[in-house]
**Q** 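Have a look at this one before I ask anything.
When reading the values below, keep in mind they use all heavy atoms of this one structure, side chains included, and skip hydrogens, waters and symmetry mates. If you're wondering where the values come from, they're calculated on a predicted model, not measured in any experiment. We count ligands from 1, going down the list as the structure has it; atoms in each ligand are counted the same way.
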Amino acid sequence: MSGDRIAVIAGDGIGPEVIEAALAVLDAASRRFGFTLDVERLPYSADHYLATRETIPDAAVEHLRTGVDAILVGALGDPRVPGNEHARDILLGLRFRLDLFVNLRPVTLLHPSLCPLKDPAAGPRVIDFPIFRENTEGIYVGAGGGLRVGTPDEVQLAEEVHTRKGVERIVRYAFEWAKANGRTRLTMADKANAVPAHRLWGRVFAEVGAEYPGIAREHRYVDALAMELVREPERFQAIVTQNLFGDILSDLAAGLVGGLGISPSANLHPGRAGLFEPVHGSAPPMAGKDVANPFAAILTAAMMVRELRHLDAADALESAVRAALAAGVTTPDLGGKCGTKEVARWVAERVTH
Ligand code: NAD
Ligand code: IPM
Ligand code: MN
């Protein structure tokens, strides 16, 4: 029996280290739960780009579209490529070209000590909500350009794109998720008071939401939502928003539950192979020092195997990370003294037994 076909783009900076950690833990999970992952490593990265001037070839994108079951990405971004063109082509390129319109970024407090906020009077905090970030539109479409570049009269234009179909599919996905997961409220964030184009979000949210009578609709302007997320994160059940706001809010929310070192994500289109990546970037100053936190990548791997329907393995990976947190087996960003490899070994061992 052949296994799930996993394409791996480890990428730059700490990407390769956290991906090695995730693959080691996945290997343990696949042995324990009796499935096979056929891992194919792809070279696309800053190194590859600097050596060949190739970001990601069309043939590779086609292969990822039709010949794999999931894509696992480390991180892309390197100071030797200051224009970030390889990362845009590879990361944003794959999100757009594979039409992975859902960027699911779970925000879950896995251990009370990870929340930097003071404890509320009512006891320990429970923070557990996904951010559904629209992943194929907004200001990320790259429409625009520069005029008189490099002169005192320079002008730069970047157009935001919101289509009825694009907004509707992410909003519907978020409502469906809320319904399937027993949530009773969905929060939508825009900036329609300043940007009239965002009113499309409000109209679609109301129309689609009317089909989900069990789920209360809540609207917030994104600036106010940022404030509320810090003051009372436990009241959020699920959030849906446009591409740029989802990018920013997901880092803010990561900060409420332990930071980027522990925040996973999935780029999805139902029925197609998804792309799974930590929310964090390549953290160039940490690279090669065995200090990067592998939890984000391991939890990302858990999202991947959950999507591949290896539910026991996904549960085991998540509970092994919780156990590591409870045992204080963590990297320095979470206050621990362990290295990347040591944490990965501990988690793999835990998954095995
Ligand atoms: P970053 O996520 O790389 O780092 C931001 C902060 O988080 C740093 O303080 C870093 O030390 C910390 N951090 C991140 N991951 C960590 C981990 N696993 N363990 C411990 N600490 C961790 O963001 P940045 O510094 O803004 O960007 C660096 C490069 O990464 C840039 O080129 C950027 O474009 C790129 N980037 C790529 C992705 C991606 O590939 N998905 C995401 C974000 C940023
Ligand atoms: C992310 C990153 C990317 C984004 C960058 C690297 C282009 O910040 O995945 O959150 O803005 O989407
Ligand atoms: Mn980001």
**Q** Take atom CZ in Arg235; do more than 12 heavy atoms of anything else shown fall under 6.0 Å from it?
**A**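 Atom CZ in Arg235 is packed in, count exceeds 12.
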**Q** Do any N/O atoms on Arg95 end up under 3.5 angstrom from N/O atoms on ligand 2?
**A**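 Yes, at least one N or O pair falls under 3.5 Å.
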**Q** Going by atom types only, do Thr340 and Glu342 share a side-chain donor-acceptor pair under 3.5 Å?
**A** no
**Q** Please state whether Arg133 comes within less than 4.0 angstrom of ligand 2, counting heavy atoms only.
**A**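 Flag set, Arg133 near ligand 2.
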**Q** Compute whether any side-chain donor of one residue and acceptor of the other, for Arg169 and Thr163, lie under 3.5 angstrom apart.
**A** no
**Q** Protein heavy atom under 4.0 angstrom of atom 4 (C) of ligand 2, is there one?
**A** yes
**Q** Could you identify the single nearest non-hydrogen protein atom to atom 8 (O) of ligand 2 and state the distance to 0.1 Å?
**A**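 Atom 8 (O) of ligand 2 sits closest to the protein heavy atom Asp247 OD1, 3.3 Å.
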**Q** Provide, to 0.1 Å, the distance between atom 11 (O) of ligand 2 and the closest protein heavy atom, together with that atom's residue and name.
**A** Tyr140 OH, 2.6 Å
**Q** Applying a 4.0 Å heavy-atom criterion (strictly less than), which segment of Arg105 is in contact with ligand 2: side chain, backbone, both, or neither?
**A**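 The side chain, only.
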**Q** Arg5 side chain to Gly67 main-chain N or O, any donor-acceptor pair under 3.5 Å?
**A**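 Here the side-chain-to-backbone pair exists.
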**Q** Can you tell me which residue and heavy atom of the protein come closest to atom 7 (C) of ligand 2, and the distance to 0.1 Å?
**A** Leu92 CD2, 4.0 Å
**Q** Fit a plane to each ring of Trp201 and His162, take the angle between them on a 0 to 90° scale, and name the class: parallel (under 30°), tilted (30 to 60°) or perpendicular (over 60°).
**A**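 Rings of Trp201 and His162: perpendicular, as their planes differ by over 60°.
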**Q** Would you mind naming the N, O or S atom of Asp247 nearest to the Mn ion (ligand 3)?
**A** OD1
**Q** Under 6.0 Å from the CZ atom of Arg231, do we count more than 12 heavy atoms belonging to anything else shown?
**A**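 Atom CZ in Arg231 is not packed in, count stays at 12 or less.
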**Q** Can you produce the list of protein nitrogen or oxygen atoms under 3.5 Å from a nitrogen or oxygen of ligand 1, alongside each distance?
**A**
unit_1, atom_1, unit_2, atom_2, d
ligand 1, 2 (O), Gly281, N, 2.7
ligand 1, 3 (O), Ser282, N, 3.3
ligand 1, 3 (O), Ala283, N, 2.8
ligand 1, 18 (N), His280, NE2, 3.4
ligand 1, 18 (N), Asn293, O, 3.0
ligand 1, 19 (N), Asn293, N, 2.9
ligand 1, 30 (O), Ser282, N, 3.0
ligand 1, 30 (O), Ser282, OG, 3.2
ligand 1, 40 (O), Leu76, N, 2.9
ligand 1, 41 (N), Glu277, OE1, 3.1

**Q** Can you list the steps and then say if Asp4 with Arg309 is a salt bridge (charged side-chain N to carboxylate O under 4.0 Å, His left out)?
**A** CA-CA 11 Å; Asp4 297 297; Arg309 308 310 295 162; over 6 Å; no
**Q** Quick check: does any side chain N or O of Asp12 sit under 3.5 Å from a backbone N or O of Ala46, one acting as donor and the other as acceptor?
**A**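 Present.
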**Q** Looking at Tyr173 versus His269, is the centre-to-centre ring distance below 6.0 Å?
**A** no
**Q** With respect to Glu277, determine whether any N or O atom, backbone or side chain, lies less than 3.5 Å from an N or O atom of ligand 2.
**A**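 Glu277 vs ligand 2: no N/O contact under 3.5 Å.
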**Q** Could you identify the single nearest non-hydrogen protein atom to atom 6 (C) of ligand 2 and state the distance to 0.1 Å?
**A**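 Its nearest protein heavy-atom neighbour is Leu91 CD2, 4.0 Å.
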**Q** Describe, in one word, how the ring planes of Phe175 and Tyr212 are oriented to each other, choosing from parallel (under 30°), tilted (30 to 60°) and perpendicular (over 60°).
**A** parallel
**Q** Would you check whether Arg88 reaches within less than 4.0 Å of ligand 2, judged by its heavy atoms?
**A**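 The answer is no: ligand 2 sits nowhere under 4.0 Å from a heavy atom of Arg88.
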**Q** Using the ring of Phe236 (Phe, Tyr or Trp, six-membered ring only), decide whether Arg125 places NZ or CZ under 6.0 Å from its centre and within 45 degrees of its axis.
**A** no
